[in-house]
Number of protein chains: 2
Amino acid sequence: MFTPLFNHLKKYISLTTDEEEIIKSYLQVSTVANKEYILQQGQVCQANYFIVNGCIRKYFTTEQGTEQIIQFAIDNWWITDYTSMDFQQPSLYTIQAVEESEIIILKKSIEEELFQRVPVLERYFRIILQRAFAASLNRIHYIYSLSGEERYRHFNNAFPDFVQRVPQYMLASYLGFTPEFLSKIRARKG
Amino acid sequence: MFTPLFNHLKKYISLTTDEEEIIKSYLQVSTVANKEYILQQGQVCQANYFIVNGCIRKYFTTEQGTEQIIQFAIDNWWITDYTSMDFQQPSLYTIQAVEESEIIILKKSIEEELFQRVPVLERYFRIILQRAFAASLNRIHYIYSLSGEERYRHFNNAFPDFVQRVPQYMLASYLGFTPEFLSKIRARKG
DNA sequence: CAAAAATCTTAATCTTGTTCAAGAAAGGCG
DNA sequence: CGCCTTTCTTGAACAAGATTAAGATTTTTG
């Protein structure tokens, strides 16, 4: 159960056996059912979540009542609301499972203590945040430089298997247009 | 000259006098004129840049030849292209001064050595990347939930002094619409 | 297996913002 | 100070994608 996480850690840092044991002792393991909530809009986010397997989405509800997806997380990704967690503010976002998922929980309340005992984790998170930040700017790049249709085709090429995994209306939301428009695009060509 | 950087560092971590001296010995200071390039599209990004004062933009050129601004950085922000720097790939972006600016340069080539000598810097960058990543997702939130006009009004309220600082066509680009449209918005009301 | 819930499609109409094109202001420099 | 470059504005024609509404299909569950 912890294997995927430690494999991921070892891509970026080295750990002694002792350190591995310490880390394990600070983590919790959990299974969430499809549609189960990990965080609901208005709650203060209390943990960082590592997806062992499954699929999780983070979204908010617009004034018109539609759901807007901000992020997807699948196997080997972390998901949380850093704004809510860092400032202990109510979150604007809801985090919810899109498939039954196995997750590992790193609670904010003990994170500092863990980082003190295993400081190399600061490095691990620095590096993966660097990647996540770059990916996010990259996404802004695509939003601004491609049309909706181009964005869909590009995403489809880049992550063909992921596209199969989530309902199309969620994909449309993530890509920033309506499900009706996605339908239209798909009708135009395979 | 180093004072703003160390003040920023001290917001997130504590440093001994020794550590401060080590850090200083790894940094370079530079002044860039308005319109001077720090990185040009196609080059491999070799450093992370801290803005002591001034204003820097990061943008790319679309197929139609228009410039699309992805990021602004002002006093006390770092700017770089992490994708290019981490993977030593040619950058898709150009980083250019929008005002005469004083910057501090942390070169990729000596970054690792510095982090080994002052490991608490990993923590500093972890925290500021957490903020930067959150801000970037927040920006995606705004792009998806607000109209162009709403985005402009919101930005104008949030950063009134910054709006005065850059040409409107750059602001329009950053907000994701044309300068003509920004003109139209401004004509509608204050 | 049947009924209910969730998801996807189609088409007509409407909005937001783009594109072009041209001129008006403003700013910087010799 | 006057010219040249940069920036800003305006308006008409147009395009991308939203909205609404209805029906079709698929999936889930009792």
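Just so it is clear, the values below take in all heavy atoms, side chains as well, and ignore hydrogens, waters and symmetry mates. In what follows, chains are A, B, ... by sequence order, proteins preceding strands, each numbered from 1.
- Side-chain contact of B:Arg57 with B:Tyr174: a donor-acceptor pair under 3.5 Å is absent, judged by distance alone.
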N/O-N/O pairs, protein side and nucleotides 22-24 of chain D side, under 3.5 Å:
none

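- Between B:Phe177 and B:Phe181, the two ring planes are perpendicular [angle over 60°; tilted spans 30° to 60°].
- Checked against D:dG17, C:dT19, D:dT10, the side chain of B:Ser183 finds its nearest nucleotide in D:dT10.
- Here the side chains of B:Gln96 and B:Ile38 are not in contact, with every heavy-atom distance at 4.5 Å or above.
- To the nearest angstrom, C1' of D:dT6 lies 7 Å from NZ of B:Lys35.
- In this structure, A:Tyr144 places its OH atom 15 Å from P of D:dG17, rounding to the nearest Å.
- In this structure, the CD atom of A:Glu150 is 10 Å from the P atom of D:dA16, given to the nearest Å.
- Judged by the 6.0 Å and 45° rule, A:Lys11 forms no cation-pi pair with A:Tyr124.
- Residue B:Ser147 is classed as a sugar-phosphate contact, given heavy-atom separations below 4.0 Å to backbone atoms only.
- Nearest-nucleotide positions on DNA chain D place B:Pro167 closer to the 5' end than the other of B:Pro167 and A:Gly176.
- Under a cutoff of 6.0 Å and an axis angle of 45°, B:Arg165 and B:Phe162 do not form a cation-pi pair.
- Here D:dC14 presents its C1' atom at 11 Å from NZ of B:Lys184, a figure rounded to the nearest Å.
- The side chain of A:Phe181 lies closest to D:dA18 when the candidates are C:dT7, D:dA18, C:dG17.
- Proximity note for A:Phe177 (side chain, C-beta onward) versus C:dC8, D:dT9, D:dA18: the nearest is D:dA18.
- In terms of phosphate contacts, B:Arg186 brings no side-chain nitrogen or oxygen within less than 4.0 Å of OP1 or OP2 of D:dC8.
- Using five terminal pairs a side, the axes of the helix from C:dC1-D:dG30 to C:dG30-D:dC1 at its two ends make an angle of 50°, given in steps of 10 degrees.
- Atom pair B:Tyr152:OH and C:dG17:P shows a separation of 14 Å (rounding to whole Å applied).
- The interatomic distance linking B:Gln168 (CD) with D:dT7 (P) rounds to 11 Å, in whole Å.
- Looking at B:Leu27 and B:Leu5, their side chains come closer than 4.5 Å, going by heavy atoms from C-beta outward.
- Closest to the B:Tyr169 side chain, of the nucleotides C:dA12, D:dT9, D:dT7, is D:dT7.
- Rounded to a whole Å, the CG atom of B:Leu146 is 15 Å from the C1' atom of C:dG17.
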Inset, instruction - For A:Asn53 and A:Glu102, run side chain to side chain donor-acceptor pair (under 3.5 Å): C-alpha distance rounded to whole Å, both residues' side-chain angles, the deciding distance at 0.1 Å, then the answer. - result: CA-CA 5 Å; A:Asn53 55 62; A:Glu102 289 185 298; 2.7 Å; yes
Contact list (N/O, under 3.5 angstrom) for nucleotides 26-30 of chain C vs protein:
none

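- Defined by atom type and a distance below 3.5 Å, a donor-acceptor pair is missing between the side-chain atoms of A:Ser91 and A:Ser84.
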Inset, instruction - Run the numbers on A:Phe72 and A:Trp77 for ring-ring contact (aromatic ring centres under 6.0 Å, His included), then give the verdict. - result: CA-CA 9 Å; A:Phe72 277 116; A:Trp77 280 85; over 10 Å; no
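- Between A:Gln40 and A:Tyr93 there is no side-chain heavy-atom pair separated by less than 4.5 Å.
- Spacing between atom CD1 of A:Ile185 and atom C1' of D:dG17 amounts to 9 Å, rounded to whole angstrom units.
- The aromatic rings of A:Phe133 and B:Tyr82 stand perpendicular to each other, their planes meeting at an angle above 60°, with 30° marking the opposite boundary.
- Judged purely by atom type and a 3.5 angstrom limit, B:Glu19 uses its side chain to pair as donor or acceptor with the backbone of B:Thr16.
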